[in-house]
Each structure stands twice: as C-alpha cells, then as structure tokens.
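A quick note: this is a predicted structure, and the numbers were derived from the prediction, not measured.
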Amino acid sequence: MAISQVALSNTFNEFRSTFNDAANTINTLVPSANAISANSITLGTLTSGRVPVVSTAGLIVDDSNLTYNTSTDVLTLGGATDASSTTTGTLIVTGGVGVAKKLYVGTDLSVAGDATFTGNVTILGSNSEISTTQININDSLLQLANNNTSNTVDIGLFGQYNSGSANVYSGVFRDASDGIWKFFKDYTVEPGTTIDPAANGFSYANVSIGALSTANNISIGTGQAYQINGANVLSSTVLGSTVLASSLTSVGTLTTLAAGNTTITGTLSTTGAITASGGVDKLTTTSGVVSVSASAAPVSGYALIASSATTATWQTIPFATTGKAIAMAMVFGS
C-alpha cells in the first residue's frame, strides 16, 4: 500500500521531549560547590586509557599525552617541556613529593636546596665537579685509583694556580713509571691519568718539613747541592770546599771524597780510621790538638805520640816528607 501521508506531529513532540531532557541533564552538570550533580556521564568521543580533563573552554576532553593504564597502574605524562625552576616543566608540584620506589632522572638533576642521602651514592660520570668552601669526610684514609690493578696510571693530588702569565698546576703524585712520589709545580696542562716529568713545563716543587727520617739512602740529583745553614756540604758535580758548622762524629770509618778543603768548626771525633782518596796532607786545629782513639791508624805525613796512656790523647809532631831529613821532637805526657 502506498503511503500518501505522514503525520509528523507526534514525532516532533517526541523529539522536543528528548531534547528538553538532554538539555536539562546538561544543565545539571554545572558545578555546584566544586561538584557535578549528575549521576552519570557518557561521552562517546573519549578514548580508552586516557585521563579526561576539563579544557580551557570548560569542556571535558582527553589527550594522548596523559594516559593511565588500569592493568599496571602506570600514569604517563607525555609532555616534553623542560624545567629550569620550581614553576616550569611538564609537571609542577607546589608541595612535597614522596617517592617510595626508585627515582630515575634521564637528564640533568638540579637541586636548589640541601640533598641528604641515607644510602650509598654512586657517580658513574667521567667528570664530577664539586664547588664548595668546605668538605667534611669521616673516613680517615682516602683511596685513589682503586681500579689501578695494572699500574698504568699515576696517583696523586693537584691544584690550579696562576703563575703570572698562565694557569698552571702543582701537586704531589706517585709516578707509575718508577714508583717514586714526586712534588711538582708549573705543569702547563691539566693532569689526566699520567704526569710527564719531561714535558709540559714540569718542575720539582720545594718542600719544607721538620725532621726527616729515611729507611734508605738520600739521593741528591745531578748538579744539586746539599746545604746546612746555607753552606754546601755536598755537591754531586762540584767537589769543592765543604764547611760543617757543627761537630762531626763518626762511629765507623770516615772517608772524605771532596777534592777541596773540609772545615769543621766543631769537634771531629771518630772511633775508626780517617782515610782520604789522596791521603791526608796536613791536619790542623785551632788548639793544636787532635783527639783520636788509641787504635786509630797513623795519619800520613804526621807522627802521633800519646801524651797520656789513660786518656789516649795524641800530640801531632810534623816531620819532613819522604826524601828529606826527619826532625822529630818527643813530647812526654804526665
């Protein structure tokens, strides 16, 4: 049967009733005391897994950068805005943040206040800088180069200063090439894992100490002099005159190697022989008396005669050298 007529009155009334109901429902969504009075909201345009928020236009929307996984309870904030203060960045928190599990920061970490670590701190970067006025460390011994199992790096401490024309470095280190600790200065490049004593302006630094106790020999470098009270007493290249400002005591054999004169302003006392590479040409003192033990060997060129058998004090009586007549005066002690 053909339809020749359609009554729209009821259809229009049904549409109007439905629209009014929908309008009334939407009107009840107006916030009242920060709450929505509607019992339920169904929005077909929202995406599963996204967190709905109210946009600046007052609409309920969602965004792909804010998701929540109900299976894993993971909230993801996908913004990429970096932070440079407490009011910038993708996530801004005005209050405190408690983190019960591990915290991972994929880039730089900046802390404006104090940082307290109750656990261990491991720093894996290649360069760690600390800018502070004071460092307090409870450990009494500090370990350096803990991975130097093959003895390939130098161990030490250094600092930077300006020599007047450029920034240079000074410090103390153990040279891996010879195992000797060395004080240095005026090094023109910042030390890395090794320091080259033959390059980069390397120079040995002066060291001032109190008493010096050594288990082995003291070695003086070539061309360097050893001084006592400002006077040279030993030189590795120039065997000149040597002055000892105090007494010299030897419990063994005393051997002089210097090519020049040796002057002792104090007392020379030895229980062993006095020898010289070229012989002793003369032996003089301000008092004219030389004290040696009774068992000491005679000095070449002089006769030594005991003045007292009990004190073993000897008087020097010079005589002519070989090939000449000998004149000797005998002196008897009491």
### D73 side chain to Y68 side chain, donor-acceptor N/O pair below 3.5 angstrom
yes

Check your understanding: What about F158 and L142, same hydrophobic cluster or not, with Ile/Leu/Val/Met/Phe/Trp/Tyr joined at side-chain heavy-atom distances under 4.5 Å?
Key -> no

Residues passing the side-chain hydrogen bond (donor to acceptor under 3.5 Å, both in side chains) test with E190, sequence neighbours excluded, are none

Indicate every side-chain donor-acceptor pair of residues 101-126 with a distance under 3.5 Å to a residue at least two apart or in another chain.
none

Beyond-backbone contact of F202 with D186, side-chain heavy atoms, under 4.5 angstrom: no

Separation between CG (N146) and CG (N148), nearest 0.5 Å, reads 9.5 Å

### Task
For residues I218 and L212, determine if any side-chain heavy atom of one lies less than 4.5 Å from a side-chain heavy atom of the other.
yes

Heavy atoms from other residues, nucleotides or ligands near OH of Y161 exceed 12 (cutoff 6.0 Å): yes

Should V61 and V54 be regarded as members of a common hydrophobic cluster, given that ILVMFWY residues are connected when their side-chain heavy atoms come within less than 4.5 Å of each other, either directly or indirectly? no

Under 4.5 Å between side-chain heavy atoms, counting indirect links through other Ile/Leu/Val/Met/Phe/Trp/Tyr residues: same cluster for V207 and V168 or not?
no

Is it true that V97 and I92 fall in one hydrophobic cluster, defined by side-chain heavy atoms closer than 4.5 Å? no

Value for OH (Y169) from CD1 (I195), rounded to nearest 0.5 Å, stands at 11.5 Å

Please table the atom pairs, donor to acceptor, closer than 3.5 Å between any side-chain atom in residues 173-181 and protein atoms at least two apart or in another chain.
| residue | atom | partner | partner atom | Å |
| --- | --- | --- | --- | --- |
| R174 | NH1 | N151 | OD1 | 3.0 |
| D175 | OD1 | S177 | N | 3.0 |
| D175 | OD1 | S177 | OG | 2.7 |
| D175 | OD2 | S177 | OG | 3.3 |
| D175 | OD2 | K182 | NZ | 2.8 |
| D178 | OD1 | I180 | N | 3.0 |
| D178 | OD2 | K182 | NZ | 2.9 |

The reported gap from CD1 in I155 to CG in L144 (rounded to nearest 0.5 angstrom) is 7.0 Å

Distance col, row L66:CG vs R50:CZ, nearest 0.5 angstrom, shows 10.0 Å

Those residues at least two apart in sequence (or on a different chain) that pass salt bridge (charged side-chain N to carboxylate O under 4.0 Å, His left out) with D154 are none

By side-chain hydrogen bond (donor to acceptor under 3.5 Å, both in side chains), N138 pairs with (sequence neighbours left out) none

Rounding to 0.5 Å, atoms CG (L141) and CG (D139) come to a distance of 8.0 Å

Counting only heavy atoms not in N162, do more than 12 fall under 6.0 Å of its CG?
-> yes

Heavy-atom side-chain proximity of F184 to P197 below 4.5 angstrom | no

For residues 74-90, please give each side-chain donor-acceptor pair under 3.5 Å, one per line with the distance, not counting sequence neighbours.
| residue | atom | partner | partner atom | Å |
| --- | --- | --- | --- | --- |
| S85 | OG | T87 | N | 3.4 |
| S85 | OG | T87 | OG1 | 3.3 |
| S85 | OG | T88 | OG1 | 3.3 |
| T88 | OG1 | S84 | N | 2.8 |
| T88 | OG1 | S85 | N | 3.0 |
| T88 | OG1 | S85 | O | 3.4 |
| T90 | OG1 | G79 | O | 3.4 |
| T90 | OG1 | T81 | N | 3.0 |
| T90 | OG1 | T81 | O | 3.0 |

Looking only at heavy atoms, the pair that brings T188 and G201 closest together is OG1-N, 4.3 Å

